[in-house]
Amino acid sequence: MDYDNVELPPTPPRSPTNDNNDNRRPNDSPILPPSPMSESSSRQMPPPSPSSTVDELNEEPAFPLPEENANNNNNNNNETAIDQDIALIRGTNVHVPTAAAAFVDFLRHFRSLRAQRNDKNDDSESDSDDEEEEEEEETPLYMAQLQSLLTHGHWRDETTPTTTTHPSTATASLDIDAMHIYFHSEACQKFYHQMVSFPMEIIPLMDLLVHRELERLAPDWDIDVNGPFPRVQVRPFNLRQVSNLRSLDPVALDSLITIQGMIVRCSPLIPDLKVAHFTCCLCGHAVAVTLDRGRITEPTGPCPTCSTRDAFQMQHNRCTFADKQLVRLQETPDQVPAGQTPASVVTYAFDDLVDAMQPGDKVEVTGVLRAQPVRVHPRMRKLKTIYKTYIDVVHFRKLTTMQRDEQQRTTVPPKWTHERVQTLYALSRRPDIYEQLTASLAPSIWELDDVKKGILCMMFGGNSVRVKNTPPSNSNNNDDSWLDEENPPDEDFTTATAKLNKRGDINILLCGDPGTSKSQLLGYVHKLSPRGVYTSGKGSSAVGLTASVVRDPETRELVLESGALVLSDLGICCIDEFDKMSDTTRSILHEAMEQQTVSMAKAGILATLPARTSVLASANPIDSRYNPAKSVVENIQLPPTLLSRFDLIYLILDQPNEQQDRQLAQHLVGLYYETPNVVQPPMDHALLRDYIDYARQNIHPQLSDEASDQLLESYLEMRARGAAARTISATPRQLESLVRISEALAKIRYRETVTRADVIEAVRLWEVATQTAATDPRTGRIDMDVLAVGRSAADRHDDEILLVHLQELNQTMTDS
Amino acid sequence: MSLTEADWRSLGDEKSTLPCFDQDTPHSGVVRCLGMVQDMLAPEYDHTNNSTLMERTPLVIAPIPQTTPWFQEIMYDSAHRDKRLCWDDNNCAEPADPKVVANFFYDQYEHQPPKLRLNEVVELVGVMEQDVVMEDHHPRETSWKDTLISAFDAEEEEEMLPLPRLQVLWYRTLDLDQSILPPLQMPNPPSNELVASALSRALSIDTLTASAIWMALLSLAERKPCGTPRRTPYATTLGCASLAILLPDASACHQFQKRLEDVLSSILPSLVTPLLKDLPTPSKKSGRLAQSPLQLPKGATVLLNAGEIQPGPLSPQGLEMLQAVQELTSGHQVPYQFDGGMRIPFEADVRIIVLCTTETKSLLPCLLQIKGQPGLEPSDGSESMCQTIREHLAHARSGPPIDLPLQLLTDAQQDFLQRRQEARLRNATVDEMAFHRWLTLTRLIARGRRAQQAATCDWASALQLDDAMLSSLS
């Protein structure tokens, strides 16, 4: 490629004086948005930093680029091109034409990492012709994005027109995966390292080059029709190495870094002054002063028009401001070493990154580590020799789970890499995967295999279906678009079109004797679930579980604070000591467990918040020990309306079993050995979590015909069991539970279809769990009324007999 | 530039002549001080020499909370007693106030990760920084501009801590027990029974309760090689035994609390008796960890009077406090609140005695529970008795971890099975916690007689003591 004769436009962020070039055509030298990089001149950098010196790019905005010389000669601003042999940015090893050529090559030719790999394999293997053809047709990824930006115009208005010298502009962000750059070519690898080491020089260059590519894509841009030429901010992300907040040191200053953490605080929007507008208070003469090294110099000299001194006043409404926000990032609890307080760092977000993230979000931040001297006193200019660090954010990426395997990151960036998915699918094909997963769940807890299997089903979950109230009238009957299955968007839960909801989340209640490891199971599930919340029914209030309106201590405004159920949306809410919960709190759960929303109205705020969560609860009997002669409802004193919302109710009883006692004793004694006995699970924690996460996100099995038949058959059989004794042994709620469990079992094996075997196992699990709980202790028969209304048919029958006898007695006494 | 251990040793007795840190009369030279790591601040880069930036970790050092008079005498020689770690806000006259934070920093150089942990006791030698401008504490008038600035620049407050800074040259961590070890071993250490009997007389309480108190004083967490306490699957800390003493009513709790304070302050280096009402939990907001009575160094003792808890609705802060204290008594860890609603439990390897009534006994769950029967008139505990128990306790707690031999564990397993089966016949429960309790008591009894390994007799004594405590409750 030949770039020799093309000259790039100047780099406005680093050379603010260029903004006042009145002689340029509007589309010749676009004013780039005030990116984080442009802040470099406004902050005082520590002296030893090599890259803090003024670079060539600022002072010599034009440098040679080849190719489209003929088309772009009018962009030349009459500035002399520098010989490319000496066009190094001062203090760096960045040879601008080489770096530019590498990046432009990347922009124009990169398709995907898979394509990259295949390209490398092409020399040795040529048997995959079809794939090659497909890839040939694949358009370069980033060129497609730029084309899309031009076509669809995803621009945002950056500034409003103020004066003729500051025209309206529109900007957009181009997120570039740094791993794409790294794996594209050897030249790009060098470019990647330069980008990481000298981001304040390279990222503006990337902005510039992307702008040139945009111009190339739209050579006939008419500013009268389309407005001023839009600009793009390049936002690299996903670096090879994720730094630890604690490991940041002075060596990393001014380099591009990636760190992970949780956002704990966001400041209000800070208007960051870029261009100040002064007018003479006598004659109205206007002067624009641009920010220079962090300061605005007030014009104190005589006014050019009326020669009055000290007559200039700043016109705030005519100044140009950029959006800025202070975002504090803190380590998550799992990143904090024992005995240390969580480390945190201040980050500054600019432009469209402002308000992009909220407190509580787990994010991966890519940005430039900077340092700033501390003042002796905020009102004094005297500086200490101490520097505080902060990060200018280039990119935010929201994380669902923390990615801690750095070794893995260095080779493959996204969480679900091809290799990882292959591993997961290979595991899913194992015939004993169900047992392996069961053994991997809470391996330190003995026995309770069926309970663990039920919990496993809960963690995988069924398919949730959100049914719109009004099916589309103009579509044909086969159109299922009104069934929004799985991953419902974060729609407004109060709208009328999203009222009917078939939940896919499975609720489980563990009930039984104390000391049967119920709490440990809850604790394990809480740690395994990426959005798990653990709470105790004893200490929970209704607002603690749902949401409350509180006054923000910093802003003094009323804000909505989410409780446990809302926080565990799309996750699992573990509630220990469920029976100790107050009636008010329990009543909140009715809505949450079936409709999967929580509603609240307080202090003028009406809100319906999503609570698409599975509830895993544990309860102790009221008499400390479970009384088999009483029903579940009598034992744990929970309202039947709430009990019936649990798909599986396990009774974990401490029954005399010498073998189990012996194993328990051995296990307990093992904790006191010098090297405590630790059961090694077949799958480690990370793999188990990935296996479940992938299934939850990507596997959505459908009921096959044979599975449907089996479900129907099983349900009818369950109903028939109670028919003879006139009891209800199964209700439609149980049928729904069976569907959910069957779908979860199919997800466990990564199948897209629910099979007959899944249904049979689901029925078995249900029978093991709920059947025991729903058995009438007096008759030994299954009676769902025990759970549904709290009284069995036999109880009601007895009541009727008693009533008849009382009436007879009354009649007899009256007669006598 | 830092002092090595050899440099420090070569100073010999000279080190005792180093002036202690005193805020009222700031020294410009080398000073020494003793305190607890109360907070950890964000790392800073220092640029004192113009070539490179050096990273340092500022740690806030506060006085050891509620140290007892005899401990202060030992730790600070008489010449410098008045100049010991001084307090802020003219509170030097009342050094026992635990809510005041000492105002100086600990800095660490050479890119080392902080070796110190929160709440660790340290002795430091360093040079006072000269470039610190001391802030006047007089409130000044704030204008709307100040309000605007503070709204946009909330982080400034963190940098504005008006604390003197200490460039640390040398430091060492201290253990409260080891720091008071007498130079010579006691020739005939008293037996557990003898100590219990002495405590019984001093506190005017039955011997069984005195034995339980002695066990609580011996409580010490078993630790992993990395230094963190070993936790059981039941959210408790291995080796730690908190004690709840049931007393007839709130006034009895109050009286016995006074009695315990008098006696234990002669035996223990640090005794904290926080008021449960308005007890703040440790929380770090706006960059500073607010000092709380629940922030305690290893080896401190907490005396809680649950008798003062009254029935009624709890405020959110009250609920938070109660949950934190519950976690302390049952699990020997305290949750610390951090920005963003983050709640991280920190170890609290402290000795805990809870005084409660039958109404409040389940509010603060403890491993050991006993019904106390205090007498009317306690006999005066002699100074020599206190000295003996103090030294014995320091020796016992400073010993190596108590090993449980295999034979004992096998016997324990058999006994557990047998007792579990017997309990079922009585419709009672013998669960895992009972087993842990027995083994913990076994360890404590062995520690009380300064053995390195528990013996079968310790196991038998532990069962006997546990049975007696349970029967006292019934």
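Keep in mind that the numbers below use all heavy atoms, side chains included, and drop hydrogens, waters and symmetry copies. Within every chain, numbering begins at 1; the chains are lettered A, B, ... in the order of the sequence lines, protein sequences first and strands thereafter.
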(request) Measure distances from A:Val336 to the heavy atoms of chain B and classify the residue's part below 4.5 Å as side chain, backbone, both or neither. (result) side chain
(message) Looking at chain A, which one of B:Leu404, B:Leu238, B:Thr410 has the largest number of heavy-atom pairs inside 4.5 Å, strictly under?
(response) B:Leu238
(request) Taking all non-hydrogen atoms of both residues into account, name the closest pair between B:Tyr45 and A:Leu369 and its distance. (result) OH-CD2, 4.5 Å
(request) Might you confirm whether atom CD of B:Gln453 has over 12 heavy atoms from other residues, nucleotides or ligands at distances under 6.0 Å? (result) yes
(request) Please state whether the side chain, the backbone, both or neither of B:Leu118 comes within less than 4.5 Å of a heavy atom of chain A. (result) both
(request) Say whether, by atom type as modelled, one donor and one acceptor occur between the side chain of A:Gln330 and the main chain of B:Phe338 under 3.5 angstrom. (result) no
(message) For B:Gln414 versus A:Arg662, what's the shortest heavy-atom pair and its separation?
(response) NE2-NH1, 3.7 Å
(request) Before giving the answer on side chain to side chain contact (heavy atoms under 4.5 Å, CB included), spell out for B:Phe435 and A:Val669 the whole-Å C-alpha distance, their side-chain angles and the decisive distance to 0.1 Å. (result) CA-CA 9 Å; B:Phe435 190 68; A:Val669 163; 3.4 Å; yes
(request) Select one option (side chain, backbone, both, neither) describing which atoms of A:Ala338 are under 4.5 Å from chain B's heavy atoms. (result) both
(message) Return the CD to CE distance between A:Gln340 and B:Met40, rounded to the nearest 0.5 Å.
(response) 4.0 Å
(message) Less than 4.5 Å to any heavy atom of chain A: does that hold for the side chain of B:Glu222, its backbone, both, or neither?
(response) neither
(request) Would you indicate whether the side-chain heavy atoms of A:Thr341 and B:Tyr336 approach each other to under 4.5 Å? (result) no
(request) Identify which part of B:Leu406 has an atom lying under 4.5 Å from any heavy atom of chain A, answering side chain, backbone, both or neither. (result) side chain
